[in-house]
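Right, one structure below, let's go through it.
Chain naming here is simple, since letters A, B, ... match the order of the sequence lines and numbering starts at 1 in each. Here the structure is a predicted model, which is why all the values come from computation and not from measurement.
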Amino acid sequence: MLSSSNVSPSNYTFTSVIKSSADLCELKIGKGVHCHAVVSGFGLDSYVQASFVALYAKCGDVGGARKVFDEMPVKSVVAWNSLVSGLEQNGLGGEAIRVFYQMRESGLEPDSATFVSVLSACAQTGGIGLGSWVHRYIVDNGLELNVKLGTALVNLYSRCGDVGKARGVFDEMKETNVAAWTAMISAYGSHGCGKKAVEFFNKMEDDDGPIPNDVTFVAVLSACAHAGLVEEGRSVYKRMSKRYGLVPRVEHHVCMVDMLGRAGFLDEAYSFIHELDAAGKATSPALWTAMLGACKMHRNYDLGVEIAKRLIALEPENPGHHVMLSNIYALSGKTDEVSHVRDGMIKNNLRKQVGYSVIEVEKKTYMFSMGDESHPETGEIYKYLETLMSRCKEIGYAPVSEEVMHQVEEEEKEYALRYHSEKLAVAFGLLKTVDEAITVVKNLRICEDCHAAFKYISIVSNRQIIVRDKLRFHHFQNGSCSCLDYW
DNA sequence: GTAGGGTTAG
């Protein structure tokens, strides 16, 4: 158009080209188009500007998106929505929620696209307070519960710990599609209800529901993996290509390795990887990461060390692999090797992620980190936690020994401070509420010791404790956990 | 005939 025609691009042209760049994640091309649009005099067009906010956000350049947005003289609802969804999709749920409040202060009326992004942000951060407010707002203002909004609500309730409510919303939806069904299957799976996930998938196949896609299969296989449903998983995996003509991708392979490995079929998991390798299908580090998890779980230290070393050679910058190697050495009692790995990490400036836990009490959010003393009621929380722990010990709780704890530690550790963030959050929650179940959201995986402790705490406090960790949910009640210790 | 929204492993 530019080189061989006499027509000049209009604002319509630019928005379309910018959207294409965004869909292709072509930030460089997009930036070129941005310059071109400004030079051509469309820099202040509301449509063009909004599309640039989305472009930068979709390409992961949150700063760039913000800059364009801040410089807009008049900010449209779509521009606000682009920023909110951009932040949420880049993992900045808290930031997205702050921007949503600013949008309200500016006096603009949010629409259903705003709410979809805000609900996703709430799901991400565990913000059920705002999330259920949005749900009420939708109902009170008679907003139509379309598929995307409904699915966002299903996801919200699932990721905030209430599968029942998630299902309630699903049943209320007038129209459903494959994403809605997949969200529901994933809800059952992440709460350890593998059987229900498979039943729901079968229902989808039988009751002329939507045709499952590759994402659906990831959700079903993952549900099988976490519930020990090996036979069901194998059958689903076969059906995927036979009945639906879908070609399994790395994600599906990882689920299979994870499923076989968790169930203790280490040999089979291992040969599954080798068969893929022999078939020339690119073997991704993720497959070995899943295999490594199985080795640790089933205490196969020799194979674990071998795989961890292989992974470190493949991805030397990934701190997770070093932590795994160190943990396996610690569990097998090789203290010297542990220090060796740790020293190497420090030398190469590889830091573990810092863990934190969040709990909402009466619509206010409280964040705890390990050994945290920033909370005004710290003294009281620690004292209550001590009481809880000693009552747990009376009925059989044995803490994982200090020695192993320090070595297997997955969070930043301070010797003088003994409690993980999730223990502090749980103690705080029990202290501040009566009778109801408490829900804690953690950014990393829950540790073995806290997992054991919460089972006992659920008995001595006679409460249900729900913990969402990086991957899934744990419902502690009457001394046992919904994951059946099958992480 | 232009811009924004939901589901996925480790």
From the set [options], return the single nucleotide nearest to any side-chain atom of [X].
| X | options | answer |
| --- | --- | --- |
| V78(A) | dA3(B), dA9(B), dG5(B) | dA3(B) |
| T182(A) | dG10(B), dT7(B), dG6(B) | dT7(B) |
| K58(A) | dG5(B), dT7(B), dG10(B) | dG5(B) |
| S85(A) | dG10(B), dT7(B), dG5(B) | dG5(B) |
| S112(A) | dG5(B), dG6(B), dA9(B) | dG5(B) |
| Q89(A) | dG5(B), dT7(B), dA9(B) | dG5(B) |
| K148(A) | dT7(B), dG10(B), dG6(B) | dG6(B) |
| N146(A) | dG5(B), dG10(B), dG6(B) | dG5(B) |
| V218(A) | dG6(B), dA9(B), dT7(B) | dA9(B) |

May I ask you to check whether F265(A) and F272(A) place their ring centers less than 6.0 Å from one another?
->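 When the ring centroids of F265(A) and F272(A) are compared, they turn out to be at least 6.0 Å apart.
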State yes or no: are the ring centers of F42(A) and H36(A) separated by less than 6.0 Å?
->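 Judged by ring-centre distance (under 6.0 Å), F42(A) and H36(A) do not meet the cut-off.
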Rounded to whole Å, how long is the line connecting atom [atom1] of [X] with atom [atom2] of [N]?
| X | N | atom1 | atom2 | result |
| --- | --- | --- | --- | --- |
| F272(A) | dG10(B) | CZ | P | 14 Å |
| Q124(A) | dG5(B) | CD | P | 15 Å |
| K75(A) | dA3(B) | NZ | C1' | 16 Å |
| L156(A) | dG5(B) | CG | P | 19 Å |
| M103(A) | dG5(B) | CE | P | 14 Å |
| M256(A) | dA9(B) | CE | C1' | 13 Å |
| L471(A) | dG10(B) | CG | P | 5 Å |
| L246(A) | dT8(B) | CG | P | 17 Å |

Looking for any heavy atom pair under 4.0 Å, which part of the strands does [X] touch: base, sugar-phosphate only, or nothing?
| X | value |
| --- | --- |
| D111(A) | base |
| A219(A) | nothing |
| S76(A) | base |
| V178(A) | base |

For W181(A), all residues meeting side chain to side chain donor-acceptor pair (under 3.5 Å), sequence neighbours excluded =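 Result, side chain to side chain donor-acceptor pair (under 3.5 Å) vs W181(A): T176(A).
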Sequence neighbours excluded, which residues qualify as side chain to side chain donor-acceptor pair (under 3.5 Å) partners of E231(A)?
->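 Here the qualifying residues are R234(A).
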Give every donor-acceptor pair under 3.5 Å between a side-chain atom in residues 284-295 of chain A and any protein atom, sequence neighbours left out.
from	atom 1	to	atom 2	distance (Å)
S284(A)	OG	A286(A)	N	2.8
T289(A)	OG1	P285(A)	O	2.9

Who are the side chain to side chain contact (heavy atoms under 4.5 Å, CB included) partners of E71(A), not counting sequence neighbours?
->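 Once residues adjacent in sequence are excluded, the partners of E71(A) under the side chain to side chain contact (heavy atoms under 4.5 Å, CB included) criterion are K67(A).
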Report the residues that fulfil ring-ring contact (aromatic ring centres under 6.0 Å, His included) with H322(A), sequence neighbours left out, ordered by chain and then residue number.
->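 For H322(A) there are no ring-ring contact (aromatic ring centres under 6.0 Å, His included) partners, ignoring immediate neighbours.
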Can you name the ring-ring contact (aromatic ring centres under 6.0 Å, His included) partners of Y188(A), sequence neighbours left out?
->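 Expected list: F200(A).
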Cut-off 3.5 Å, no hydrogens considered: what does the side-chain donor-acceptor table look like for residues 15-29 of chain A, sequence neighbours left out?
from	atom 1	to	atom 2	distance (Å)
T15(A)	OG1	N11(A)	O	3.2
T15(A)	OG1	Y12(A)	O	2.9
S16(A)	OG	Y12(A)	O	3.1
S20(A)	OG	S16(A)	O	3.0
S21(A)	OG	V17(A)	O	2.8

Donor-acceptor list for residues 96-105 of chain A side chains, cut-off 3.5 Å, not counting sequence neighbours:
from	atom 1	to	atom 2	distance (Å)
R98(A)	NH2	E95(A)	OE1	2.7

Under the salt bridge (Lys or Arg N to Asp or Glu O under 4.0 Å) rule, collect the residues that match up with D214(A), sequence neighbours excluded.
->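 For D214(A), the residues satisfying salt bridge (Lys or Arg N to Asp or Glu O under 4.0 Å) (neighbours in sequence not counted) are R249(A).
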Using a heavy-atom distance cut-off of less than 4.0 Å, which residues of [range] contact DNA chain B?
| range | value |
| --- | --- |
| residues 2-26 of chain A | N11(A), Y12(A), T15(A), K19(A) |
| residues 307-321 of chain A | none |
| residues 37-47 of chain A | S46(A), Y47(A) |

Does H226(A) make a side-chain N or O approach to OP1 or OP2 of dG10(B) shorter than 4.0 Å?
->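 Yes, because at least one side-chain N or O of H226(A) sits under 4.0 Å from OP1 or OP2 of dG10(B).
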Carboxylate-amine/guanidinium proximity below 4.0 Å for D469(A) and K442(A) =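 Result for this pair is no, no salt bridge flagged.
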Tell me, do S76(A) and Y47(A) make a side-chain contact under 4.5 Å, heavy atoms counted?
->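 Side-chain contact under 4.5 Å: no.
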